[in-house]
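Counting starts at 1 for both ligands and their atoms, following the listed order. Any value given below was found using the heavy atoms of this structure, including those in side chains, with hydrogens, waters and symmetry copies removed.
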Amino acid sequence: MTENDDNLQVPVVVPAAGIGKRMASDIPKQYLRLNGKTILEHTVERLLSHNNISQVILALHPDDKYFQSLPLAQNPNVKTVIGGDERCDSVLAGLKAVNENPDTNNAKAVMVHDAARPCVSLEDISNLIKHYQQTGRGGILASPVRDTMKRSNAQQQILHTEARDNLWHALTPQLFNTVELISAIERSLKEGAVITDEASAMEYCGYAADVIPARSDNIKITQPEDLHLAEFILQQQYQTNRNSSKSFNEKA
Ligand SMILES: Nc1ccn([C@@H]2O[C@H](COP(=O)(O)OP(=O)(O)OP(=O)(O)O)[C@@H](O)[C@H]2O)c(=O)n1
Ligand SMILES: C[C@](O)(CO)[C@H](O)COP(=O)(O)O
């Protein structure tokens, strides 16, 4: 069922219950600050600045002691649930809240976006939503692989070179029919399928899933060296926005 409506509102589940092991920081990486705000705030504010997004459902760690001190905690458009042991568990908790919440349960489509991806562009989100509206098919933002890709054994001995045509980095948001995605994740978990993103659950259950070409600077902040890169990307994006709003005001 496509929803050709410019006012289509798509709720977003944001898994934010991780502990950031690979970041090796004193606090969960989503609460590290870049340009004066936590990564989580950057991400949620970016999402809520999109015309088709008015509800964010955050999945938080059961022992999260940081969120309540953020202004986000007072935002009526931000709801929270308790996440789970794995990302997919956190996503499922958020999806069930979308399906049960009267503010969001009439939405046929839902997006899932990592808290650790604050640099996502509004245009890419628009492209993902337009794809769903025009085709009725779910999809994921993805960036084409640019490097030669090698497959090795556990001893890091190269086995072969992977063909890289039609090979993509899966990004987020990922957009799917809410009920179908809940069903796919539940079945995948029940049957022990390895799912590291929403599309892998949909693929496992035979649902359609498309890639929508997107910017490669929609990075997932994972390791320490990602922080400076993300800070630079965000600074560039905010500067571009300032310049465009300045030139708009000068023309007005
Ligand atoms: N049980 C989990 C694990 C991860 N996440 C979220 O899923 C997103 C992507 O996961 P990842 O980058 O792996 O974050 P962490 O799991 O925190 O990182 P690490 O694997 O290094 O511990 C993050 O926003 C993270 O907070 C979650 O909500 N629940
Ligand atoms: C969902 C995701 O960001 C797509 O690339 C990725 O699979 C998350 O993996 P992680 O190991 O939970 O960071």
Taking only non-hydrogen atoms of Q223, do any sit less than 4.0 angstrom from ligand 1?
no
Checking the side chain of D226 only, and the main-chain atoms of Q223 only, is there a donor and an acceptor separated by less than 3.5 Å?
yes
Ligand 1 atoms nearer than 4.0 angstrom to some heavy atom of D85 are 1 (N)
Under a plain distance cut-off of 3.5 Å, with no hydrogens placed, do Q237 and N241 share a side-chain donor-acceptor pair?
no
What are the atoms of ligand 1, with element, lying closer than 4.0 Å to any heavy atom of A115?
24 (O)
Is it the case that ligand 1 has an N or O less than 3.5 angstrom from some N or O of D114?
no
Would you check the N or O atoms of A17, main chain and side chain alike, for any that come under 3.5 Å of an N or O of ligand 1?
yes
Would you say ligand 1 has an N or O under 3.5 Å from any N or O of K29?
yes
I'd like a table of the close N/O pairs between ligand 2 and the protein (anything under 3.5 Å), one pair per line with both atom names and the distance.
unit_1: ligand 2; atom_1: 3 (O); unit_2: D114; atom_2: OD2; d: 2.5
unit_1: ligand 2; atom_1: 3 (O); unit_2: R117; atom_2: NH2; d: 3.0
unit_1: ligand 2; atom_1: 5 (O); unit_2: R117; atom_2: NH2; d: 3.3
unit_1: ligand 2; atom_1: 5 (O); unit_2: A170; atom_2: O; d: 2.6
unit_1: ligand 2; atom_1: 7 (O); unit_2: T196; atom_2: O; d: 2.9
unit_1: ligand 2; atom_1: 11 (O); unit_2: R22; atom_2: NH2; d: 3.3
unit_1: ligand 2; atom_1: 13 (O); unit_2: R22; atom_2: NH2; d: 3.2
unit_1: ligand 2; atom_1: 13 (O); unit_2: K220; atom_2: NZ; d: 2.6

Considering only NZ, NE, NH1 and NH2 on the basic side and carboxylate oxygens on the acidic side, decide whether K190 and E186 come within less than 4.0 Å.
no
In the hydrophobic cluster built from side-chain contacts under 4.5 Å, what are the other members alongside I195?
V13, I57, V81, V91, L92, L95, V98, V110, V112, I140, W168, F176, L181, I182, I185, L189, M202, Y207, V211
With no hydrogens and no angle check, just 3.5 Å: does a side-chain donor-acceptor pair link H131 and Q133?
no
Can you report which non-hydrogen protein atom sits closest to atom 13 (O) of ligand 1, along with the distance?
R22 NH2, 2.7 Å
Taking heavy atoms and a distance under 4.0 Å, where does H61 meet ligand 1: side chain, backbone, both or neither?
neither
List the residues meeting salt bridge (charged side-chain N to carboxylate O under 4.0 Å, His left out) with R87, not counting sequence neighbours, and say none if there are none.
D114, E198
Does a donor on one side chain sit under 3.5 Å from an acceptor on the other, for H113 and T172?
yes
When you compare ligand 1 with G18, is there at least one nitrogen or oxygen pair between them that comes in under 3.5 angstrom?
yes
Please state which protein non-hydrogen atom is closest to atom 17 (O) of ligand 1 and give its distance, to 0.1 Å?
G20 N, 2.8 Å
Tell me: protein heavy atom nearest atom 10 (O) of ligand 1, and distance?
R87 CD, 4.3 Å
Can you list the steps and then say if S152 with Q157 is a side chain to side chain donor-acceptor pair (under 3.5 Å)?
CA-CA 5 Å; S152 79; Q157 297 163 334; over 6 Å; no
Under 3.5 Å, is there a donor-acceptor pair between the Y204 and E191 side chains?
yes
Any sub-3.5 Å donor-acceptor pair from Q68's side-chain atoms to K65's backbone N or O?
no
What is the nearest protein non-hydrogen atom to atom 1 (N) of ligand 1, stated with its residue, atom name and distance?
G84 O, 2.9 Å
At under 4.0 Å between heavy atoms, what of P15 touches ligand 1? The answer is both
Looking at ligand 1, is there an atom of it that comes within less than 4.0 Å of some heavy atom belonging to G83?
no
Would you mind telling me if ligand 1 is within reach of the side chain of V14, the backbone, both or neither, using heavy atoms under 4.0 Å?
neither
ring-ring contact (aromatic ring centres under 6.0 Å, His included): which pairs involve residues 38-57, sequence neighbours left out?
H42-Y238
When you measure from the side chain of N52 to the backbone of L8, do you find a donor-acceptor pair of N or O atoms at a distance under 3.5 Å?
yes
Ligand 1 atoms nearer than 4.0 angstrom to some heavy atom of I19 are 17 (O)
Can R215 and E123 be counted as an ion pair, charged N to O under 4.0 angstrom?
no
May I ask you to identify the nearest protein heavy atom to atom 22 (O) of ligand 1, giving residue, atom name and distance to one decimal place in Å?
K21 N, 2.7 Å
Short side-chain donor-acceptor distance under 3.5 Å, R146 and S216:
yes
Residues, nucleotides or ligands: over 12 heavy atoms within 6.0 Å of N243 CG
yes
Can you tell me the protein heavy atom closest to atom 29 (N) of ligand 1 and the distance?
S90 OG, 2.8 Å
